[in-house]
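Have a look at the structure below before the remarks.
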2 protein chains.
Amino acid sequence: MDKRKQILDSALKLFVEYGFHGTPTSLIAKEAGVANGTLFHYFATKDALVIALYVDIKSRMALYLSEQTGTQKTYKDTIREQYIASVYWALENKLEFRFTEQFKTSPFFAQIAPKEIEESLKPFYDMLYAGISEKIIKPQPVDLLFTLISSQTFGLNQYLLSHQFSKTKQHQVISDTFEMLWAMIT
Amino acid sequence: MDKRKQILDSALKLFVEYGFHGTPTSLIAKEAGVANGTLFHYFATKDALVIALYVDIKSRMALYLSEQTGTQKTYKDTIREQYIASVYWALENKLEFRFTEQFKTSPFFAQIAPKEIEESLKPFYDMLYAGISEKIIKPQPVDLLFTLISSQTFGLNQYLLSHQFSKTKQHQVISDTFEMLWAMIT
DNA sequence: AATTTTACCGACTGTTTAGTCAGTCTGTAA
DNA sequence: TTACAGACTGACTAAACAGTCGGTAAAATT
């Protein structure tokens, strides 16, 4: 019954299927079961809708990650937990993953304030700093380390999404690749 | 004077700046210094232009990589050479890199025959197979290994493109990350 | 030299699209 | 019971767009 949400849901589905500009606002409204004007009641422009959708997805992802993250015994366990959580998020939210993938490489991404991005990355960076000072992690710039780690999870997500594995096999791949990642950064 | 090429060049530049659908064909023609109709003389539809551009870039990249690749002494040297060549290609062809990045995550990509993709990957896969049988590379599925390697170069490209490093520093980062990659896959 | 094919032009069009607007309906609070 | 606000509608419009077409001129083929 929440029309705003229905609009976002339909937009997500259609954007992934047809791309941002391949999807007319009229189709989004129709699919969401609302009038054309309603869409513009909630979102000033189509661009604003695209950006709102990205922000919404990012915050839901952040929530998921914070929920999944307990306090682990060792440093390695903490990193592993983060790694696994972010991979599972993508597996459980395929459309959302595909959308962010598309969004990040699009010109829209330039409209997201770099400050906000930095902000959301800080906890991660801090964790890496800690690992470096404890001489667990290789002494490389944290933003480089972060790029390498996130591009690895990114690639793994693409791999898992394009194959159909059993839960067991899937988990196997995830832990194998984590060990490989660990070998890379330590 | 080659109008087809001029159209492709302008399309590349504009697509990266405004996105596929954010760029009208009229603007591409104008920027290329040709008439509107000429664009449709060379490319039946706008979609055909997008795809032709992707194919063109891919073949130029393949050419570059084959030119850069000599026969190296050791297996590790061969892999390193490939790694370095593909990173430099992106650095020397930023627009092209950005475009393929955008293309691959777009719904257009579905129109590229999977058979052709497989074809172009085969030499790489064979090289990895060889590494596994010689017990140099970890015994993991080659498509997984390939995904991990290419997502790493991908991430590194993004990193290098978003920082301005001196040639020396740049090379430093590239060889450091190669060693990290090597640690991951062996 | 005659004929056909190809490269190229740019004005034009039918359609699609983002966004508007005048107004209805529902809840709520004075 | 009236007054107001905000959600919601869908017909509408102005602009933008992909693609067409009738035509010219040069190149290639006969």
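This structure is a prediction, so every number in the text was calculated from the model and none was measured.
Annotation: proximity of residues 23-34 of chain B to DNA chain C (heavy atom, distance under 4.0 Å) is found for B/Val34, numbered in ascending order.
Closest contact between the side chain of B/Thr38 and the listed nucleotides C/dG10, C/dC9, D/dA11 involves C/dC9. Looking at the side chain of B/Thr45, the nearest of the listed nucleotides D/dG19, D/dT9, C/dC9 is D/dG19.
Atom CZ in B/Phe43 sits roughly 14 Å away from atom C1' in C/dA7 (whole-Å rounding). What separates NE2 of B/His41 from P of D/dG19 is a distance of 17 Å, to the nearest Å. When rounded to the nearest whole Å, the span between CG of A/Asn36 and P of D/dA7 equals 18 Å. Put simply, CD on B/Gln6 is 14 Å from C1' on C/dA7, counting in whole angstrom units. In this structure, B/Phe40 atom CZ and D/dG23 atom P are separated by 21 Å, rounded to whole Å. Protein atom CG of B/Leu39 is 14 Å distant from nucleotide atom P of C/dG10, rounded to whole Å. For the pair B/Asp2 CG and C/dA7 P, the computed distance is 11 Å after rounding to whole Å. As rounded to whole Å, 8 Å separates atom P of C/dT17 from atom NZ of A/Lys46.
Remark: of the listed residues B/Tyr54, B/Phe97, B/Phe15, B/Tyr54 is the sole one forming a ring-ring contact (aromatic ring centres under 6.0 Å, His included) with B/Phe103. Each of B/Glu81, B/Glu134, B/Glu179 was compared with B/Lys76 under the salt bridge (Lys or Arg N to Asp or Glu O under 4.0 Å) criterion, and only B/Glu179 meets it.
Counting heavy-atom neighbours within 6.0 Å of B/Glu118 CD, excluding the residue itself, gives a total of 12 or less. Within a 6.0 Å sphere centred on OH of A/Tyr75, other residues, nucleotides and ligands contribute more than 12 heavy atoms.
Using modelled atom types, no side-chain atom of A/Lys3 and backbone atom of A/Ala32 make a donor-acceptor pair closer than 3.5 Å.
Applying the salt bridge (Lys or Arg N to Asp or Glu O under 4.0 Å) definition to pairs two or more places apart or across chains, those involving residues 23-44 of chain B are B/Lys13-B/Glu31.
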